[in-house]
Amino acid sequence: MKRTHYLDELNASNIGEEVVLMGWVRRRRDHGGVIFIDLRDIKGLTQVVFNPEHNPETHAKGHQLRNEYVIAVRGIVRPRPDESLNKNLKTGEIEIFVEELRILNPSKPLPFMIDEDDNIEISENLRLKYRYLDLRKESMQKKMIMRSNVARIMRDYLHSSGFLEIETPFLTKSTPEGARDYLVPSRVNPGSFYALPQSPQLFKQLLMVSGYDRYFQIVKCFRDEDLRADRQPEFTQIDMELSFVEPEEIMEIMDDMMSRIFKETLDIDITLPIKRLHYDEAMAKYGLDAPDLRIPLELVEVSDIFASSGFKVFSSVVKNGGMIKTLKLEGAAAKLSRKYIDDLTDFVRIYGAKGLAWIKINKDSWQSPIVKFFSDDEKAKLSERVGLKEGDIIFFGAADTNTVNEYMGRLRAHIGKKLELFDESEYNFVWVTDFPLMSYNADEKRYDSVHHPFTAPCDEDIEKLGSEVEQVYSKSYDLVLNGSEIGGGSIRIHSKQLQDKIFELLNIGEEEAREKFGFLLDALEYGAPPHGGIALGFDRLVMLLSGADSIRDVIAFPKTQKAACVMTSAPDKVDTKQLRELAIKLNVIE
RNA sequence: GGGGGAGUAGUUAAGCUGGUUAUAACGCCGGCCUGUCACGCCGGAGGCCGCGAGUUCGAGUCUCGUCUCUCCCGCCA
């Protein structure tokens, strides 16, 4: 028998045709007499009917069917009786009267039901152990289809925009900085290791030197760091690099591509161009470099007001170069109980806050544990700066700049969600641009790249590389969707001299630079064009598009939080023979 | 490395301040049922209460340890 139709294709126009359908038994409704089977495949659902009057032989065989049996049926498309039409089903006008049934494969009862009730969440461990069954669920199939569609849209778009898809190696060289590498031992070169790429960064830059002009790749990247709801050790990037471009051109291409993806997958129109926000403004107003702009709250700095305050907690912070920022919630004073504020205090402690001061603006007085330390002048200035009205509540963050921004930024996002201050179904994009080039690493007594060591500084800041390194901005841009960074990139350095200078600031010695990046430094001297690029987190993007709570839900075979696969039980021990071939001796205490 | 949550039939859960035979729903098995689509009705099977110690006359319940899953901090150029 050869399948003639998928299970979403038949309707009233097919009545009378003989068809052959194949799929899984989603559910049987055995009335003793007539038997109804919902037959399911990747496309949809069609009801097939075993009727003892129509065909006693197949009807008898139909009694054997159980959930998830794989079957083939040959039968006639019949109209359903008027009272039995199912409007919720695409194929609900018709049903198949079975002439012949073949059981292609029976199925044991499943460890969990495929025909899911969305309210029942099967333990993730079990889902992952039987991932092939979990993926059979309609909700998972929808996500995988969405993922495939997004990849297709991107490929189509990039090909039509002159990009070439070029593969780069997975077995490559370990590089310093960045994430921990996954290592692969070399049998042919005992004692030497490949590293799996954290990104194809250097290869794509070299392709620009080779003159390919526009490159892209949908590519796996590997980082051996601890996992999160949105982080997997192997994940997929849409990686791109372009020659002879400035940031604006790259952002325009991304704007265009994103708007197509959202139009074609969710039928949502993105307002173009996507808003551009300078890094400094993002940090000032939102405290985070990936702000969720759907939340209608902004932080306000008040350090100057309390610089010489009698309230030592504040004034000493300012004296030590720290910062005081406020977050105001209009009219929320009555809504927030003492318990609620205590919970918020616990929340900000996670991010290094020592406490969370607050003031409720009541009708006759300011209610607060700290306001008694404020002078009238300070109160007046505060009220004016923040725009306080009766019924408002404000929170204060006071600490070193990084800590304040971190926890007040998180607090803003946290409160925004908890108090439902915005429409969660909205999609809000923003570009955050011009990140600092480097930040000082006090532990290591050197500078670290904020993006990566190949990022170009802004032209007007290059002079400052000598003395005011932290005042140097970079030609960088991150794409942020609803408070999640979904991509980032930069214009790269194409001058050997400048690259040398950067390595020097990063405390990567000439010899080490030579050893680790010699091939890049050489390449820069053979006619490297100005170039830049971007990489998008494909899994995260699909996660946001499909409304998944976890990156694991948009990856067919993901790892658990301990970076294991419970289906295959990888990672696993290997034979001593294999280890010997690789010249590896284990030093693990059993 | 650290902090929180979870682990009880195949599944999802209930099981209070420790107490006699550990419940329910769905699923599974058997029977009945000719228009269902979460079919219905009747009956049945199914448990190392994650694992290991301890406290106790007695532990699913309390204590400690341990494993697994999960959320977060650190980490993730």
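These numbers were taken from a predicted model, which means no experiment stands behind them. Order of the sequence lines fixes the chain letters, A, B, ..., with proteins taken first and strands second; residue numbering starts at 1 for each chain.
In a base pair of the Watson-Crick type (N1 to N3 plus N6-O4 or O6-N4) or a G-U wobble (N1-O2 and O6-N3), with each distance short of 3.5 Å, B:rA53 is matched with B:rU63. Figure legend. B:rC41 is base-paired to B:rG31; pairs are counted as Watson-Crick or G-U wobble with both atom distances under 3.5 Å. Across all strands shown, B:rU17 forms no Watson-Crick or G-U wobble pair with both key distances under 3.5 Å. Figure legend. B:rG47 is base-paired to no nucleotide; pairs are counted as Watson-Crick or G-U wobble with both atom distances under 3.5 Å. In this entry B:rC69 has B:rG5 as its Watson-Crick or G-U wobble partner, both defining distances falling under 3.5 Å. In a base pair of the Watson-Crick type (N1 to N3 plus N6-O4 or O6-N4) or a G-U wobble (N1-O2 and O6-N3), with each distance short of 3.5 Å, B:rU12 is matched with B:rA24.
Annotation: B:rA53 and B:rG1 have their P atoms spaced 26 Å apart (nearest Å). Taking atom C1' on both B:rA38 and B:rU12, the two are 15 Å apart, rounded to the nearest angstrom. Only the C1' atoms considered, B:rC67 is 8 Å distant from B:rG50, to the nearest whole Å. For the P atoms, the distance linking B:rG27 with B:rC37 amounts to 13 Å, nearest Å. Between B:rC16 and B:rU23, the distance separating the two P atoms is 14 Å to the nearest Å. Comparing the P positions of B:rC72 and B:rC29 gives an interatomic distance of 40 Å, to the nearest angstrom. Going from the C1' atom of B:rA59 to that of B:rU20 covers 14 Å, rounded to whole Å. Nucleotides B:rU21 and B:rA14, compared at atom P, are 24 Å apart to the nearest Å.
For A:Tyr351, the listed nucleotide lying nearest its side chain is B:rC72; candidates were B:rU68, B:rC72, B:rC75. Each of B:rU34, B:rC37, B:rC71 was ranked by its minimum atom distance to the side chain of A:Val34; first place goes to B:rU34. Of the candidate nucleotides B:rU34, B:rU70, B:rU12, B:rU34 has the atom lying nearest to any side-chain atom of A:Asn51.
Using a 4.0 Å cut-off between a side-chain N of Lys or Arg and a carboxylate O of Asp or Glu, A:Arg492 and A:Glu241 qualify as a salt bridge. Between A:Glu406 and A:Arg410 there is a salt bridge, since a side-chain N of the basic residue sits under 4.0 Å from a carboxylate O of the acidic one.
For A:Glu83 against B:rG35, no side-chain N or O and base N or O form a donor-acceptor pair under 3.5 Å. A donor-acceptor contact under 3.5 Å is not formed by the side chain of A:Glu121 with the base of B:rU12. A donor and an acceptor atom never sit less than 3.5 Å apart when one is taken from the side chain of A:Asp226 and the other from the base of B:rC75.
If you measure from atom CD1 of A:Ile551 to atom P of B:rU70, you get 13 Å, rounded to the nearest angstrom. The nearest whole Å value for the distance from the CZ atom in A:Arg231 to the P atom in B:rU70 is 14 Å. Computed from coordinates, the A:Asp346 CG to B:rG2 P distance equals 21 Å when rounded to whole Å. For the pair A:Ile35 CD1 and B:rU34 P, the computed distance is 11 Å after rounding to whole Å. Straight-line distance from the CG atom of A:Asn86 to the P atom of B:rA38: 7 Å, rounded to whole Å. What separates CG of A:Leu126 from P of B:rG50 is a distance of 16 Å, to the nearest Å. The distance between atom CZ of A:Arg349 and atom C1' of B:rG4, rounded to the nearest whole Å, is 16 Å. Rounding to whole angstrom units, CZ of residue A:Arg127 and C1' of B:rU68 are separated by 17 Å.
At distances below 3.5 Å, at least one donor-acceptor pair connects side-chain atoms of A:Asp41 with backbone N or O atoms of A:Leu7. Between the side chain of A:Ser490 and the main chain of A:Lys475, no donor-acceptor pair closer than 3.5 Å is present. A donor-acceptor pair under 3.5 Å links the side-chain atoms of A:Asn51 to the main chain of A:Glu53, judged by distance alone. Formation of a donor-acceptor pair under 3.5 Å by the A:Ser546 side chain with backbone atoms of A:Val542 is found in this model. Checked by atom type and distance alone, the side chain of A:Arg80 pairs as donor or acceptor with a backbone atom of A:Ser84 at under 3.5 Å. A donor-acceptor pair under 3.5 Å links the side-chain atoms of A:Arg223 to the main chain of A:Gln198, judged by distance alone.
Where A:Glu406 and A:Arg223 meet RNA chain B, the nucleotide closest to each residue was compared, and A:Glu406 sits on the side nearer the 5' end.
Every residue two or more places apart in sequence or in another chain that forms a side chain to side chain contact (heavy atoms under 4.5 Å, CB included) with A:Phe454 is listed here: A:Gln201, A:Leu202, A:Gln205, A:His452, A:Gln499, A:Phe503, A:Phe517, A:Leu520. Taking the side chain to side chain contact (heavy atoms under 4.5 Å, CB included) definition, one finds that A:Glu504 meets it with A:Lys501, sequence neighbours left out. Under the side chain to side chain donor-acceptor pair (under 3.5 Å) criterion, A:His63 pairs with A:Asp30, not counting sequence neighbours. Contacts of A:Tyr215 classified as ring-ring contact (aromatic ring centres under 6.0 Å, His included), with partners at least two apart in sequence or in another chain: none.
Among the protein residues, A:Gln198 comes within range of no part of the nucleic acid, since none of its heavy atoms lies under 4.0 Å from any strand. Residue contacts shown for A:Leu89 are absent, as no nucleic acid heavy atom lies under 4.0 Å away. Across all strands, A:Arg410 comes closer than 4.0 Å only to sugar-phosphate atoms, never to a base (heavy-atom distances). Contact annotation for A:Pro81: base contact, defined as any heavy-atom pair under 4.0 Å involving a base atom. Note on A:Phe97: a base of the nucleic acid sits closer than 4.0 angstrom, heavy atoms only. Across all strands shown, A:Phe454 has no heavy atoms under 4.0 Å from either base or sugar-phosphate atoms. Residue A:Thr175 is out of contact with every strand shown, counting any heavy-atom pair closer than 4.0 Å. When heavy atoms are screened at a 4.0 angstrom cut-off, A:Val450 is found touching the sugar-phosphate backbone but no base atom.
Here A:Arg552 reaches the OP1 or OP2 of B:rC71: one of its side-chain N or O atoms lies under 4.0 Å away. Considering only side-chain N and O atoms, A:Arg29 lies under 4.0 angstrom from the phosphate OP1 or OP2 of B:rC39. Note on A:Arg26: every side-chain N or O is 4.0 Å or more away from OP1 and OP2 of B:rC37.
Paired with A:Leu21 under the rule side chain to side chain contact (heavy atoms under 4.5 Å, CB included), one option of A:Thr46, A:Ile71, A:Val98 passes, and it is A:Thr46.
A heavy-atom distance below 4.0 Å to RNA chain B is reached by these residues of residues 553-570 of chain A, ordered by number: A:Thr560, A:Gln561, A:Lys562.
The aromatic ring of A:Phe112 does not sit over the base of B:rU11; the criterion of centres under 5.5 Å apart with planes under 30° is not met.
Of all the heavy atoms in A:Arg412 and A:Ile295, the pair that sits closest is NH2-O, 2.8 Å.
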Treating primed atoms plus P, OP1 and OP2 as sugar-phosphate and everything else as base, which nucleotides of nucleotides 27-33 of chain B get B, S or - for protein heavy atoms under 4.0 Å?
SSSS--B
